[in-house]
2 protein chains.
Amino acid sequence: MNEKTRQRRSAFDREAGVAIAQALFHERGYDAVSLADLTAAMDINPPSFYAAYGSKAALFERAMLRYAHENSLPLDELLAPDRPPAEAISALLLAAAKQYGRDSILRGCMITEGMRANDQAARQMAENLAHGGIQAIRAYLDEVHPQDAQALADYIAVTLRGLSASACNGMSSKRLMEVAQAAGRFIARELEASESTAAS
Amino acid sequence: MNEKTRQRRSAFDREAGVAIAQALFHERGYDAVSLADLTAAMDINPPSFYAAYGSKAALFERAMLRYAHENSLPLDELLAPDRPPAEAISALLLAAAKQYGRDSILRGCMITEGMRANDQAARQMAENLAHGGIQAIRAYLDEVHPQDAQALADYIAVTLRGLSASACNGMSSKRLMEVAQAAGRFIARELEASESTAAS
DNA sequence: CGATTTATATAGTGGTCACTAAATAAACTG
DNA sequence: CAGTTTATTTAGTGACCACTATATAAATCG
């Protein structure tokens, strides 16, 4: 009975699939999201997945790029050259803390946390993307505070990583923001101190 | 031919097995170490593993406890009540940075990084252990700086997490220590500031 | 409309995962 | 030395992993 008549849907929306993958990867991390999870969430079969994206890692990269385009901190605005550096850096840290703790499911920074994936290819992609962000901060500091741009950039990078990881383990938005504000205040004091040192 | 004569070795050293597991879990993280990795490193078969440890997660807990016993920061000494708090906290951060970057293979804090495991049971065990450390710092701050012990404890916790994660992604010991020293300096200034505020 | 291309559907692949049943050798106990 | 316990051995388990060979339906295009 019921001989053949195999049916077929039209092509699925591949950009929508990237958005779905972005949410899953952000929520659970690269390794904890399986192909079966992805194809189920997109309501497609594995061959459609591979025809569209090539591999799980390639889709992860597209998802991170989409995340960066949609959610990355507006470094250009935050770190505007005409702003007082202390204010700019404080604003950056606070904006990060706000974003990392905003959503109850999508915690922390998807790219920062991607750097701790077990899969080597996925980790490398995240590291490359994160490097760009750190470089932008470093370039800004080279302009506004060249005497110890590296140390400040490292301090900011470590603080951002700590904020992201803490957000992932449930630290509340309020507490994240308080830590960010404290760090911003500390940097402001440090800039003041080295300004007056330089002026003496 | 060669009928039977199955041989058997004596029991393996279970404590040595915990040490081997500790190194593997610290190096790669809980999820990235397989049963096969563990049994191969210990040179035993899976049934010996389960007879000795019960499960992979249970061994992870024993390995973390061993790590804590062997490597955990001597909070009692670092945070001695008769020490100036600013000095004690700076010493704590610097000691952490030193330890996280000391070994080229065993990077960061095994327990802190365990909190990001994909396996729920392993993550919970790490969170419970980490909570103890944070609580010790919090109790110390309640004694020496009760007016904002929570904010300071959060700042320290976030900084420690950032240092650990950064160590895992290759930040050099030198840079980790510079960040820790900067954070310690910032906290010293903050304590000074709030002391003088309180005195006014 | 007919030919070609594209992306779907079914139904798998081999590999690895944590874990175990059954048999038996060593160690322990009387 | 005999009986019991303990921990080893071999040889698997089913579940899940990322990924794919083959067939065919829809979309595209002359």
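These numbers were taken from a predicted model, which means no experiment stands behind them.
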How about [X] and [Y]: does a side-chain donor come under 3.5 Å of a side-chain acceptor?
{"X": "A:E127", "Y": "B:N169", "value": "yes"}
{"X": "B:S34", "Y": "B:D37", "value": "yes"}
{"X": "B:Q120", "Y": "B:R123", "value": "yes"}

Could you check which of C:dC17, D:dT8, C:dA7 has an atom nearest any side-chain atom of B:F12? D:dT8
If I take atom [atom1] in residue [X] and atom [atom2] in nucleotide [N], what distance separates them, rounded to the nearest angstrom?
{"X": "B:I44", "N": "C:dA18", "atom1": "CD1", "atom2": "P", "result": "14 Å"}
{"X": "A:Y53", "N": "D:dC19", "atom1": "OH", "atom2": "P", "result": "15 Å"}
{"X": "A:R14", "N": "C:dT6", "atom1": "CZ", "atom2": "P", "result": "11 Å"}
{"X": "B:D31", "N": "D:dC17", "atom1": "CG", "atom2": "P", "result": "13 Å"}

Is any side-chain N or O of [X] closer than 4.0 Å to OP1 or OP2 of [N]?
{"X": "B:S34", "N": "C:dT16", "value": "no"}
{"X": "A:Q7", "N": "D:dT24", "value": "no"}
{"X": "B:R8", "N": "C:dA27", "value": "no"}

NZ/NE/NH1/NH2 to OD/OE distance under 4.0 Å, A:E190 and B:R189: yes
Would you say the side chain of A:R9 and the base of D:dA25 hold a donor-acceptor pair, judged only by whether the two atoms sit under 3.5 Å apart? no
Any chance you could lay out the side chain to side chain contact (heavy atoms under 4.5 Å, CB included) test for A:S164 and A:E113, step after step, and finish with the verdict? CA-CA 7 Å; A:S164 177; A:E113 299 308 311; 2.6 Å; yes
Can you check nucleotides 19-21 of chain C for protein contacts, nitrogen or oxygen pairs under 3.5 Å, and list what you find?
| unit_1 | atom_1 | unit_2 | atom_2 | d |
| --- | --- | --- | --- | --- |
| C:dC19 | OP2 | B:Y50 | OH | 2.8 |
| C:dC19 | OP2 | B:K56 | N | 3.2 |
| C:dC19 | O5' | B:Y50 | OH | 3.1 |

Fit a plane to each ring of B:F25 and B:Y30, take the angle between them on a 0 to 90° scale, and name the class: parallel (under 30°), tilted (30 to 60°) or perpendicular (over 60°). parallel
Just to be sure I understand the rule, does B:S10 reach a base, reach only the sugar-phosphate, or reach nothing, if contact means heavy atoms closer than 4.0 Å? sugar-phosphate
